[in-house]
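These notes are about the structure you will find just below.
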Amino acid sequence: MGTPLEPRDAQAEEVVDRLMEEYPDSTISLRYSNRLELLIAVILSAQCTDERVNKETEHLFAKYDGPEDYASVDEEELAEDLNSITYYNSKAGYIKSSARDIIEKHDGEVPDTMDELTELSGVGRKTANVVLQHGHDVVEGIVVDTHVQRISRRLGLTEEKRPEAIEPDLMEIVPEDVWQQYTHLLIDHGRATCTARNPDCDDCVLADICPSEKGDSDIDLASGEAW
DNA sequence: CTCCCGATAT
DNA sequence: ATATCAGGAG
């Protein structure tokens, strides 16, 4: 005898079911061939499209190999290699600093705990969760990026605004075995249909269960969502 | 809170 | 011209 599903729980399960049907092969779109490359790709992906990150890392990963290469390169040279990525000066510093720490504090290996990862420069909870999930097969949270934040709120799955508050809120209603899938599904849906600026509600498989759907005047502009 | 900051879509 | 892109540091 299970307790009846709360509305938010049922909403979450319905969202996951429908999106899994819509995006059956949904998975990480960053390209990498080892944990260090994964870490670097995710650091670079902050406020930048994965498509552009993949285009740049193709050259980057051919030029640089282990953490020693990133730790020893001149920071300005590394920044030039990243000059079509958002915030390339900051990210060059993050990567160089993280590579040094990986060599000096972690025996050349990318750490496998949340605390150790978030101590690295340029690595917050979102980046650490991605590296844990895809680099170490450790799922201890839900990756909350800009798409997960925006769409979870539009669907009424959370009313929290900050990613640090949204994550534990979602962890209570999304079944644990689909925490990793949940992020990929919302990212795919965010890119294809539920875009930030001009969501295509007419072609959305969630329209009938979405409180923000165009034409429904119940919630729409509430709480500062651009809608 | 501000700053970082190029490429792309609208 | 402007908003947005797998955020994080100070």
Side-chain angles (χ1 to χ4, degrees), chain A residues 19 23 25-32 35 37-60 75-76 78-101 110-111 114-135 139 141-154 160-167 170 174 179-203 214 224-227:
Chain A
L19 292 183
Y23 312 100
D25 301 318
S26 186
T27 186
I28 188 168
S29 57
L30 295 170
R31 292 203 273 96
Y32 59 94
R35 287 167 181 157
E37 291 187 356
L38 171 62
L39 173 65
I40 290 170
V42 182
I43 289 175
L44 292 177
S45 71
Q47 294 294 295
C48 192
T49 61
D50 283 17
E51 188 179 359
R52 173 138 304 279
V53 172
N54 286 336
K55 185 170 285 188
E56 281 294 318
T57 55
E58 184 177 351
H59 303 108
L60 192 74
E75 192 171 318
E76 290 185 13
L78 182 55
E80 282 184 28
D81 291 330
L82 303 175
N83 66 14
S84 74
I85 301 280
T86 53
Y87 316 141
Y88 55 88
N89 283 311
S90 300
K91 289 172 180 176
Y94 298 156
I95 290 169
K96 192 169 162 61
S97 170
S98 290
R100 264 200 303 266
D101 283 352
V110 175
M114 177 64 68
D115 286 345
E116 290 174 316
L117 281 167
T118 52
E119 281 177 18
L120 298 175
S121 178
V123 180
R125 189 170 176 89
K126 177 257 170 180
T127 299
N129 264 327
V130 175
V131 172
L132 284 175
Q133 293 186 10
H134 293 278
V139 182
I142 294 178
V143 174
V144 179
D145 75 324
T146 182
H147 296 291
V148 173
Q149 178 178 26
R150 178 182 71 252
I151 299 174
S152 297
R153 286 175 49 77
R154 284 180 177 174
E160 298 289 348
K161 295 183 177 179
R162 295 157 39 248
E164 317 87 85
I166 291 175
E167 184 182 352
L170 291 175
V174 177
W179 282 359
Q180 188 170 330
Q181 267 306 93
Y182 179 83
T183 297
H184 296 311
L185 292 169
L186 265 61
I187 289 174
D188 277 356
H189 194 56
R191 288 171 176 161
T193 303
C194 194
T195 56
R197 226 195 298 191
N198 184 28
D200 186 9
C201 300
D202 293 337
D203 192 37
K214 289 173 182 171
E225 254 311 291
W227 198 250

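Everything numeric in this text was worked out from a predicted model, so none of it was measured. Protein chains get the first letters and strands the later ones, always in sequence-line order, with residue 1 at the start of each. Reckoned from all heavy atoms, side chains included, excluding hydrogens, waters and symmetry mates.
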| request: Using a 4.0 Å heavy-atom cut-off across all strands, classify A:Thr146 as base, sugar-phosphate, or nothing. | output: sugar-phosphate
| request: Determine the Euclidean distance between corresponding P atoms of C:dG8 and B:dA7; express it in Å to zero decimal places. | output: 23 Å
| remark: From the candidates C:dG7, B:dG6, C:dA6, the one with an atom nearest any side-chain atom of A:Thr86 is B:dG6
| said: If you only use heavy atoms from C-beta on, which nucleotide in B:dC4, C:dC5, C:dG7 is closest to the side chain of A:Ser90? | reply: B:dC4
| Of all the nucleotides listed (C:dA6, B:dT8, C:dC5), which has the minimum atom distance to the side chain of A:Val143? | C:dA6
| query | What is the nucleic acid contact for A:Asn198, judged by heavy atoms within less than 4.0 Å: base, sugar-phosphate only, or nothing? | reply | nothing
| said: Once you apply a heavy-atom cut-off of 4.0 Å, does A:Ile43 come out as touching a base, just sugar-phosphate, or nothing? | reply: nothing
| query | For the side chain of A:Arg197, counting heavy atoms from C-beta on, which of C:dA6, C:dC5, B:dT10 is nearest? | reply | B:dT10
| said: Between A:Arg52 and A:Ser84, is there a side-chain donor-acceptor contact under 3.5 Å, judged purely by atom types and distance? | reply: yes
| field | Donor-acceptor pair, side chain of A:Lys91 and main chain of A:Leu44, under 3.5 angstrom | value | yes
| B:dC1 to C:dA6 separation - C1' atoms, rounded to the nearest Å | 23 Å
| task | Compare the minimum distances between each of C:dG7, B:dC5, C:dC5 and the side chain of A:Thr127, then state the nucleotide with the smallest one. | result | C:dG7
| pi-stack flag for A:Tyr87 and B:dG6, centroid dist under 5.5 Å, interplanar under 30° | no
